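Just so we're clear, the structure is a prediction, and the values are computed from it rather than from any experiment. Numbering of residues begins at 1 and proceeds along the displayed sequence.
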Amino acid sequence: MQRVDGALHALGQAIERLESALTAQEQRRALGEADEARRDRDLDALRREYDSLRGEYAQLRDVVEQVNGRLDGTVSRLRALLEG
């Protein structure tokens with residue numbers, strides 16, 4: 001379970017870094033740096049990667065929720081057996 005939590009945390013941090021990179025890129029774009037076509041390609045690539053990571057994060061969160069639910073159910077059944 002710690003590995004899943006660690007993976008969720010690492011993925012969350014990666015998403016935050018990408019968000020920061022996107023924000024910085026958009027700010028540089030607003031300042032009118034040279035080579036707009038290259039910036040646009042870079043920004044599009046960052047957005048695609050960001051969307052991909054968000055999707056992976058959502059999937060991982062769903063798996064964690066399912067695992068937690070199953071663990072809770074198993075623990076409840078074990079308690080019932082031990083108390084019964």
Side-chain angles (χ1 to χ4, degrees):
M1 191 60 158
Q2 288 178 338
R3 288 176 30 177
V4 173
D5 289 339
L8 274 173
H9 181 71
L11 194 51
Q13 287 181 329
I15 289 171
E16 288 176 16
R17 287 193 309 272
L18 275 173
E19 286 174 335
S20 296
L22 280 171
T23 300
Q25 182 67 19
E26 288 170 340
Q27 289 172 348
R28 282 192 295 271
R29 183 177 181 179
L31 295 175
E33 287 185 356
D35 197 7
E36 187 172 328
R38 182 180 51 83
R39 276 196 326 263
D40 287 344
R41 284 192 308 272
D42 292 346
L43 188 56
D44 288 341
L46 283 171
R47 283 190 176 125
R48 284 192 303 274
E49 183 66 18
Y50 174 75
D51 289 341
S52 174
L53 284 172
R54 297 271 306 165
E56 290 176 28
Y57 182 77
Q59 288 176 350
L60 187 54
R61 175 165 274 161
D62 290 344
V63 168
V64 168
E65 288 174 7
Q66 290 174 5
V67 168
N68 282 338
R70 291 181 68 187
L71 285 173
D72 288 345
T74 301
V75 168
S76 295
R77 289 186 4 231
L78 284 172
R79 279 190 184 143
L81 282 172
L82 293 173
E83 291 172 356

- Message: Using the rule given for side-chain contact (heavy atoms from CB on, under 4.5 Å), can you reason through Asp44 versus Arg41, listing the C-alpha separation, both sets of side-chain angles and the distance that settles it, and then say yes or no?
- Response: CA-CA 5 Å; Asp44 288 341; Arg41 284 192 308 272; 5.8 Å; no

Considering only distance and modelled atom types, tabulate donor-acceptor pairs under 3.5 Å from the side chains of residues 77-84, sequence neighbours left out.
none

- Task: Test side-chain contact (heavy atoms from CB on, under 4.5 Å) on Leu53 and Glu49 and set out the steps.
- Result: CA-CA 6 Å; Leu53 284 172; Glu49 183 66 18; 3.9 Å; yes

- Task: First locate atom CZ of Arg47, then atom CG of Leu18, and finally report the distance between them rounded to the nearest 0.5 Å.
- Result: 12.0 Å

- Message: Quick check: closest heavy atoms across Leu8 and Arg61, and the distance to 0.1 Å?
- Response: CD2-N, 4.0 Å

- Message: Just verifying a value: how many Å separate Ser20 OG and Ile15 CD1, rounded to the nearest 0.5 Å?
- Response: 12.0 Å

- Item | Pairing of Glu65 and Arg70 as salt bridge, 4.0 angstrom limit | no

- Task: Hey, could you give me each pair passing side-chain hydrogen bond (donor to acceptor under 3.5 Å, both in side chains) that has a residue in residues 8-19? Not counting sequence neighbours.
- Result: His9-Gln13, Glu19-Tyr50

- Scanning both residues in full, the closest heavy-atom pair of Tyr57 with Leu11 reads CA-CD2, 3.3 Å

